[in-house]
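Structure first, commentary second.
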Protein chains: 2
Amino acid sequence: MPEPSTRKDAVRNRKAVLAAADALFDRSGNPEEVTMADVAAAAGVGKGTLFRAFGDRNGLLLALYEHRIEPIRQTVQAGPPPLGPDTPARERVPALLDALLRFKLDNRRLALALEETGSTSPYLAAHYEDWHSLLRSALEQIPGLTDNSEFTAHVLLAAIRADLVEYLAGHKGVPREEMHAQLARFTAGVLR
Amino acid sequence: MPEPSTRKDAVRNRKAVLAAADALFDRSGNPEEVTMADVAAAAGVGKGTLFRAFGDRNGLLLALYEHRIEPIRQTVQAGPPPLGPDTPARERVPALLDALLRFKLDNRRLALALEETGSTSPYLAAHYEDWHSLLRSALEQIPGLTDNSEFTAHVLLAAIRADLVEYLAGHKGVPREEMHAQLARFTAGVLR
DNA sequence: AGTAGAATCGGACTGCGGGTCCGTTTCGAT
DNA sequence: ATCGAAACGGACCCGCAGTCCGATTCTACT
């Protein structure tokens with residue numbers, strides 16, 4: 001990410017901001033109450049620096065997200081089954097959803113903040129398209145689902161949206177394994 | 001809604017505000033850019049009046065929503081099949097989802113505004129609980145779905161969330177009937 | 001009809017957060 | 001050591017939800 005010719009104070013500050021934001025978002029219950037000024041202060045940096053490095057609030061959230069999701073992305077793209085590309089679709093679909101659910105449980109605040117961001121619908125984010133098309137092409141390889149795969153992929157992703165996960169896990173107190181089990185059961189039903 | 005002893009100017013202003021808000025939300029593409037000041041101005045009323053009548057932005061949105069959804073609510077509660085209580089669950093579930101999808105298509109801006117409202121997750125709204133428990137109890141009457149009905153109801157409702165509907169219908173240009181068809185196909189699959 | 005006083009009105013005002021601006025500081029190439 | 005360029009940082013601006021309180025309008029009572 002850091003360009004070859006970037007001044008080292010810029011690099012240092014970028015890291016400081018990422019670390020501070022990372023900590024702040026996980027700590028607070030409601031991500032909306034973490035302000036940009038807070039992040040800048042916690043990182044020991046001015047607001048100007050913060051905004052120059054990440055553009056806007058959404059840019060910061062995105063950078064955090066990409067950093068955290070990287071391992072999963074890698075595994076999906078070139079790793080072993082059940083996530084990697086060599087997995088039969090029937091196993092890969094539930095595995096993908098399971099991994100994403102685990103990610104959202106592990107990164108609830110961040111995922112929430114990312115999907116909330118008022119004006120920007122989560123469906124317009126670049127990474128949504130990625131996950132959707134991956135899931136969709138997996139679904140297309142399963143006989144009997146090829147016709148409605150587009151919509152089915154949307155619904156399966158909607159089943160693990162950050163605010164739903166937060167509601168069930170955080171508000172309703174549904175335990176982790178229970179959520180995984182319910183999602184697996186539902187997915188199995190859809191895949192018939 | 002207006003208490004027996006409410007001054008008539010208050011009643012008049014309340015109606016004016018509702019009418020103005022109704023029009024404004026439907027007109028603008030992005031509901032976030034309709035400000036409370038706009039609504040007050042369009043209604044020919046001061047901001048103080050607006051806030052006294054509805055509490056806050058969310059209160060206004062809710063009042064609008066309840067006004068518009070009332071016919072559906074009535075039909076569901078005491079109307080004829082396929083929405084009313086005498087409908088066999090197997091037909092009622094898809095009918096409910098279809099009606100809600102139609103509602104969201106017809107009231108896109110409003111539904112969006114209602115589900116966005118930053119800090120307040122849609123899952124904490126009173127009406128979500130209502131629809132969820134209705135759908136869930138219908139699902140429970142279908143053999144083979146009784147175990148996972150809770151989660152299944154959440155997912156089916158997630159399939160018609162306002163921002164997803166807006167994304168598909170508005171951004172991707174999926175026509176109405178196509179959306180209804182896709183939802184019906186998916187639901188049929190889930191109900192097996 | 002007239003009047004008192006309570007409820008409502010309305011727009012100036014506050015608080016707050018995202019985002020910008022620009023004088024000052026730091027970097028690194030020569 | 002020097003100089004131009006890039007980065008810094010915090011004062012500043014802007015827009016919006018929500019509040020406050022003096023002015024206004026309604027209604028109950030005579």
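Note that this is a predicted model, so its numbers are computed, not measured. Letters A, B, ... are given to chains in the order of the sequence lines, protein chains preceding strands, and every chain is numbered from 1.
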In terms of side-chain geometry, is the basic nitrogen of B:Glu115 or B:Lys104 positioned less than 4.0 Å from the acidic oxygen of its partner?
yes
Using only heavy-atom distances, decide whether a donor-acceptor pair under 3.5 angstrom links the side-chain of B:Arg7 to the base of D:dT27.
no
As a test of understanding, state which of A:Asn13, A:Val17, A:Asp9 forms a side chain to side chain contact (heavy atoms under 4.5 Å, CB included) with A:Thr49.
A:Asn13
What is the distance from CZ of A:Arg57 to P of C:dG18, rounded to the nearest Å?
5 Å
Rounded to whole Å, please give me the gap between CE in A:Met36 and P in D:dC13.
22 Å
Under 4.0 Å between a Lys/Arg side-chain N and an Asp/Glu carboxylate O for B:Arg136 and B:Glu129?
no
In whole angstrom, give the distance that lies between atom CG of A:Asn30 and atom C1' of C:dG17.
14 Å
Among C:dG18, D:dT19, D:dC16, the one nearest any side-chain atom of B:Thr35 is D:dC16
Measure from CG on A:Leu61 to P on C:dG18 and round the result to the nearest Å.
11 Å
Is there a path from A:Tyr167 to A:Leu112 through hydrophobic residues (I, L, V, M, F, W, Y) whose side chains come within less than 4.5 Å of each other?
no
Rounded to whole Å, the CG-C1' distance (A:Leu50 to C:dG17) equals 13 Å
Could you tell me how far apart B:Phe51 (CZ) and C:dT14 (C1') are, to the nearest whole angstrom?
13 Å
In whole angstrom, what separates B:Glu33's CD from D:dC14's C1'?
17 Å
N/O (side chain, B:Thr49) to phosphate O (OP1/OP2, C:dG10) under 4.0 Å
yes
Check whether any side-chain nitrogen or oxygen of A:Arg52 sits under 4.0 Å from OP1 or OP2 of D:dA7, and answer yes or no.
no
Which of these nucleotides, D:dA17, C:dG18, C:dC27, is closest to any side-chain atom of B:Lys47?
D:dA17
Less than 6.0 angstrom separating the ring centers of B:His154 and B:Tyr128, yes or no?
yes
Mapping B:Lys8 and B:Asp56 onto DNA chain D by nearest heavy atom, which one lands closer to the 5' end?
B:Asp56
Just to confirm, is there a sub-4.0 Å distance from OP1 or OP2 of D:dC8 to any side-chain nitrogen or oxygen of A:Asn13?
yes
Select from A:Ala37 and B:Asp9 the residue whose nearest nucleotide in DNA chain C is closer to the 5' end of that strand.
B:Asp9
To the nearest Å, how far apart are B:Leu60 CG and D:dA17 P?
11 Å
